[in-house]
Protein chains: 2
Amino acid sequence: MDIKQTTSAFAALSQTTRLEALRILIKSGADGMLAGDISDMMEVRQNTMSANLSVLLHAGLVRNEREGRSIRYYADFEGLRGVLAFLMEDCCGGSPEKCQPLINEIACAC
Amino acid sequence: MDIKQTTSAFAALSQTTRLEALRILIKSGADGMLAGDISDMMEVRQNTMSANLSVLLHAGLVRNEREGRSIRYYADFEGLRGVLAFLMEDCCGGSPEKCQPLINEIACAC
DNA sequence: TCCATATATCATGAATAATTGATATATTAT
DNA sequence: ATAATATATCAATTATTCATGATATATGGA
C-alpha cells in the first residue's frame, strides 16, 4: 500500500453516491449485490452507477464477479484494511491510549 | 456523523499533502506539531500547508491550539473514529468474520 | 510604537472530476 | 439469428479543486 493507492481510495469515498454504495456493500457482506440492484436501491442512473462502481473497483475497495447477465459487487475488506493500515501506521508510537477508542468503534458487535 | 461530514473527511484525505500531514500528526500523537514544522518537514509552501491544514480542520480530522506565535496541530482521533464508524456501520450483519482482520490492522502494537 | 515571525485569507488560472445522453459489449432466451 | 437484458464506455459540458503570489492578521520582542 502506498500513498497513491491510498489517496485514490479516499477520493473514491469522497463522493456521496460511492460512499453510500460501499456502505451498502459493507452491510451486504459476503452476499454482495448486483450492480443493477444497487442503482435501483439508490435511485441512480445505470451509467452513473456503473462509472462510480468502476472508481471503487480501481481504488481496490470493491471486487466483482459476473453472474449471468449481471455483475455482482462485493466490498473488498482486504483492500479496506490496507488503506486504514497505511493511514494509522505507527499511530501507537505517539499515543497508544488514543488507539483503543478507534478499535472499539470498528469492532462493532461481532 | 452523517454522509456530508464523512464525504468531506474522505475528500480531505484524498490528496497527497493532506494525507501525509495527517499521517505525520497521527505519528506525533499527543505531542502534535507546529504548523510551520509540518510545512518545513514536508517541504511545502507556507500558504499551501495552511490551506490544507484548514481543510483537515474543517473535516474534523485535526484540532489546533495557539502556542505563542505558532499554532500547534493535533490529529483528532475522536473525529477519525466517527468517520470509520459511519463507514463500517452494520458491517457485522453481513459477514462478521470480515471485521476481525480490519480490527487487527488498526490495533497495531499497543 | 515599530519590526519580525507565524499563520491565514484572497483572487486567479490550470488541472480534475462528475453527470449525462448516446452507444457499445456481453449474456441469455426465443 | 434476432431480440431483450445488464452493464460498460465514450464524448462533451459543467463544476470542483489545487497551488500560487500577494496580502492580511496575530503575537512577541526591541
Side-chain angles (χ1 to χ4, degrees), chain A residues 3-25 28 31-76, chain B residues 3-25 28 31-76:
Chain A
I3 188 89
K4 281 283 177 205
Q5 290 177 271
T6 308
T7 51
S8 118
F10 285 130
L13 295 177
S14 70
Q15 200 249 2
T16 305
T17 306
R18 288 192 300 258
L19 177 56
E20 287 293 19
L22 182 60
R23 276 162 41 87
I24 287 170
L25 289 174
S28 310
D31 294 339
M33 270 186 81
L34 303 185
D37 289 345
I38 302 173
S39 49
D40 287 351
M41 171 180 290
M42 295 185 54
E43 296 184 8
V44 165
R45 285 164 199 262
Q46 178 272 317
N47 60 353
T48 298
M49 193 74 253
S50 173
N52 281 321
L53 285 172
S54 168
V55 172
L56 289 168
L57 187 66
H58 288 108
L61 295 169
V62 304
R63 293 177 299 109
N64 66 10
E65 196 172 80
R66 180 167 282 279
E67 189 172 310
R69 285 194 270 227
S70 303
I71 296 183
R72 186 174 294 271
Y73 281 82
Y74 304 89
D76 184 337
Chain B
I3 188 89
K4 281 281 179 208
Q5 291 177 271
T6 308
T7 51
S8 117
F10 284 130
L13 296 176
S14 70
Q15 201 251 357
T16 305
T17 305
R18 289 192 299 259
L19 176 57
E20 286 294 20
L22 182 60
R23 276 163 39 88
I24 287 170
L25 289 174
S28 311
D31 294 338
M33 269 186 80
L34 302 184
D37 289 344
I38 302 173
S39 48
D40 287 351
M41 171 181 292
M42 294 185 56
E43 296 183 6
V44 165
R45 286 165 199 262
Q46 178 271 319
N47 60 352
T48 298
M49 193 73 252
S50 173
N52 282 320
L53 285 171
S54 167
V55 173
L56 288 168
L57 187 66
H58 289 107
L61 295 169
V62 304
R63 295 176 300 108
N64 67 10
E65 196 171 80
R66 180 166 282 278
E67 189 172 308
R69 282 193 272 225
S70 302
I71 295 182
R72 186 174 294 272
Y73 281 83
Y74 303 89
D76 184 336

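Below, chain A is the first sequence line, B the second, and so on; all start at residue 1. Values in this document were obtained by computation on a predicted structure and should not be read as measured data.
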Which part of the nucleic acid, if any, lies within reach of [X] when heavy atoms closer than 4.0 Å are counted: base, sugar-phosphate only, or nothing?
| X | value |
| --- | --- |
| A:Ser70 | sugar-phosphate |
| A:Arg18 | sugar-phosphate |
| B:Ser50 | base |

Of the non-hydrogen atoms in B:Ala21 and B:Ile38, which two are nearest, and what is the gap between them?
-> CB-CG2, 4.3 Å
Shortest non-hydrogen separation from A:Gly36 to A:Ser39 and the atoms involved =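 For A:Gly36 versus A:Ser39, the nearest heavy atoms are O-OG, 3.1 Å.
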Heavy-atom distance under 4.5 Å between the side chains of A:Met42 and A:Ile24, does that happen here?
->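 The answer is yes, as the side chains (C-beta and beyond) meet within the 4.5 Å cut-off.
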Mind checking whether A:Leu25 and A:Leu61 have side chains closer than 4.5 Å, heavy atoms only?
-> no
side-chain N/O A:Asn52 vs C:dT19 OP1/OP2, d < 4.0 Å = yes
Write down the distance between [atom1] ([X]) and [atom2] ([N]), rounded to a whole number of angstrom.
| X | N | atom1 | atom2 | answer |
| --- | --- | --- | --- | --- |
| A:Glu67 | D:dA6 | CD | P | 13 Å |
| A:Asp37 | D:dA6 | CG | C1' | 11 Å |
| B:Arg45 | D:dC18 | CZ | C1' | 13 Å |
| A:Asn64 | D:dT7 | CG | C1' | 10 Å |
| A:Tyr73 | D:dA6 | OH | P | 15 Å |
| B:His58 | D:dT17 | NE2 | C1' | 16 Å |
| A:Leu56 | C:dA18 | CG | P | 11 Å |
| A:Leu13 | C:dA17 | CG | C1' | 15 Å |

Please answer whether the main-chain N or O of B:Gln46 pairs with a side-chain N or O of B:Ser50 as donor and acceptor at a distance below 3.5 Å.
->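 It does not hold such a pair.
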Of A:Arg66 and A:Gln15, the one whose closest nucleotide on DNA chain C sits nearer the 5' end is A:Gln15
Between [options], which one does the side chain of [X] approach most closely?
| X | options | value |
| --- | --- | --- |
| B:Asn47 | C:dA8, D:dA19, C:dT7 | C:dA8 |
| A:Thr48 | C:dA26, C:dT20, D:dC18 | C:dT20 |
| B:Ile71 | C:dT27, D:dA6, C:dT7 | C:dT7 |

State whether the distance check finds a donor on one side and an acceptor on the other, under 3.5 Å, for side chain A:Arg69 versus base C:dT28.
-> yes
Donor-acceptor pair under 3.5 Å, B:Gln46 side chain vs C:dA8 base |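 Result: at least one qualifying N/O pair found.
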